[in-house]
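Accompanying notes for the structure given below.
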Amino acid sequence: RTWERSKLATTLDHLVVATDDEKIAECCQQFGADVIMTSESCRNGTERCNEALQKLEKKYDIVVNIQGDEPLIEPEIIDGVVKALQAAPDAVFSTAVTSLKPEDAFDPNRVKCVVDNHGYAIYFSRGLIPYNKSGKVNPQFPYLLHLGIQSYDSNFLKIYPGLHPTPLQLEEDLEQLKVLENGYKMKVIKVDHEAHGVDAPEDVEKIESFMRERNLS
């Protein structure tokens with residue numbers, strides 16, 4: 001389903017599944033996807049995208065990492081992050097956020113984000129940010145949830161694997177922090193999106209019932 005949704009994006013010239021798992025590759029090939037096998041040594045999706053890019057014969061200006069566990073991803077969001085990066089020459093990376101639901105405030109699988117007044121990322125965290133003195137969720141504050149999509153300038157993508165892991169990246173286990181810690185700029189777009197990624201096995205049933213309710217299956 002993530003493949004089908006991604007195919008509807010108008011800014012993509014080529015869509016591939018990058019994986020190191022033969023079972024995933026076989027499944028994706030059965031429904032017609034173009035698959036590139038990558039090594040097991042990739043430490044995150046960004047490094048996997050870089051390896052896949054090197055294996056493609058054609059050159060591309062921008063690479064989008066659409067995570068396979070986002071079956072409700074909207075093609076407009078994919079196009080949005082591409083256009084945001086094209087329009088921000090000082091950024092090497094772009095991503096998307098949406099409103100955080102109060103019940104997800106303290107879920108470490110739901111990554112939070114804060115941005116500056118110009119739409120650039122300041123920080124990402126598995127904890128609630130910003131965090132106020134009361135230690136409780138402020139129902140009036142517009143907390144932001146990071147969505148599982150990011151796009152990169154292809155030249156930066158080649159640099160990324162050579163950057164040493166950074167303290168914040170390792171502590172939070174968030175690959176985008178390595179970008180910020182090294183002083184690169186990241187453009188963030190805000191979208192209205194029912195965020196349902198498959199972060200744990202129990203999420204599958206939730207997403208399936210959500211899709212049935214809205215006739216999305």
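Numbers for residues simply follow the sequence, beginning at 1.
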Heavy-atom closest contact (Ile77 atom, Ala96 atom, distance):
CG2-CB, 3.9 Å
Hydrophobic clustering (ILVMFWY, side-chain heavy atoms < 4.5 Å, transitive) - are Val82 and Ile73 grouped together?
yes
Determine the interplanar angle of the Phe31 and Trp3 rings, folded into 0 to 90°, and report it as parallel if under 30°, tilted if 30 to 60°, perpendicular if over 60°.
tilted
Contact check, side chains of Met37 and Thr19, non-hydrogen atoms, under 4.5 Å
yes
Measure the shortest side-chain to side-chain distance between Val114 and Pro130 over non-hydrogen atoms and say whether it is less than 4.5 angstrom.
yes
Under 4.5 Å between side-chain heavy atoms, hopping through other hydrophobics if needed: is there a path connecting Phe93 to Ile159?
yes
Using a 4.5 Å cut-off on heavy atoms from C-beta on, say whether the side chain of Leu56 contacts that of Lys58.
no
Give a yes or no answer on whether the side chain of Asn132 reaches the backbone of Lys136 with a donor-acceptor pair at less than 3.5 Å.
yes
Residues forming a salt bridge (charged side-chain N to carboxylate O under 4.0 Å, His left out) with Glu51, sequence neighbours excluded:
Lys55
Tell me, please, whether Tyr143 has Lys112 positioned over its six-membered ring: NZ or CZ under 6.0 Å from the ring centre and within 45 degrees of its axis?
no
What pair of heavy atoms forms the shortest contact from Leu147 to Thr95, and how long is it?
O-OG1, 3.9 Å
With no hydrogens and no angle check, is any side-chain donor or acceptor of Ser94 less than 3.5 Å from a backbone partner on Val81?
yes
Are Ile36 and Leu157 in one and the same hydrophobic cluster, where Ile, Leu, Val, Met, Phe, Trp and Tyr link if side-chain heavy atoms are under 4.5 Å apart?
yes
Among Val64, Ile62, Asn65, find the residue that satisfies the side chain to side chain contact (heavy atoms under 4.5 Å, CB included) test when tested with Tyr152.
Asn65
Keeping the roles fixed (side chain from Thr98, backbone from His193), state whether a donor-acceptor pair exists under 3.5 Å.
yes
Taking salt bridge (Lys or Arg N to Asp or Glu O under 4.0 Å) as the cut-off, I'd like each qualifying pair that reaches into residues 10-30, sequence neighbours left out, listed once.
Asp20-Arg48
Do Val111 and Gln176 touch side chain to side chain, with heavy atoms closer than 4.5 Å?
yes
Do the side chain of Arg5 and the main chain of Leu72 share a donor and acceptor less than 3.5 angstrom apart?
no
Counting distance only, does the side-chain N/O of Arg110 pair as donor-acceptor with the main-chain N or O of Glu103 below 3.5 Å?
no
Rounded to the nearest 0.5 Å, what's the gap from CG on Leu100 to CG on Asp107? Could you check?
9.5 Å
Aromatic Tyr120 / basic Lys187 pairing, under 6.0 angstrom, 45° off normal
yes
NE2 (His164) with more than 12 external heavy atoms under 6.0 Å:
no
Any chance you could measure Arg1, atom CZ, to Ser6, atom OG, to the nearest 0.5 Å?
10.5 Å
Exercise: do Glu70 and Thr2 side chains pair donor with acceptor under 3.5 Å
no
Quick check: closest heavy atoms across Asn50 and Gln54, and the distance to 0.1 Å?
OD1-NE2, 2.9 Å
According to a 4.5 Å side-chain heavy-atom criterion applied to Ile, Leu, Val, Met, Phe, Trp and Tyr, with indirect links allowed, do Ile78 and Tyr60 form part of one hydrophobic cluster?
no
Greater than 12 external heavy atoms within 6.0 Å of Gln29's CD
yes
Closest approach of Ala9 to Pro75 (non-hydrogen atoms, all atoms of both residues):
N-CB, 3.6 Å
Between Glu47 and Ser41, the two heavy atoms sitting closest are OE1-O, 4.3 Å
Taking transitive links into account, so neighbours of neighbours count too, which hydrophobic residues share a cluster with Val188 at under 4.5 Å side-chain distance?
Val97, Val115, Leu144
Are the side chains of Thr46 and Gln150 in contact, using a 4.5 Å heavy-atom criterion?
yes
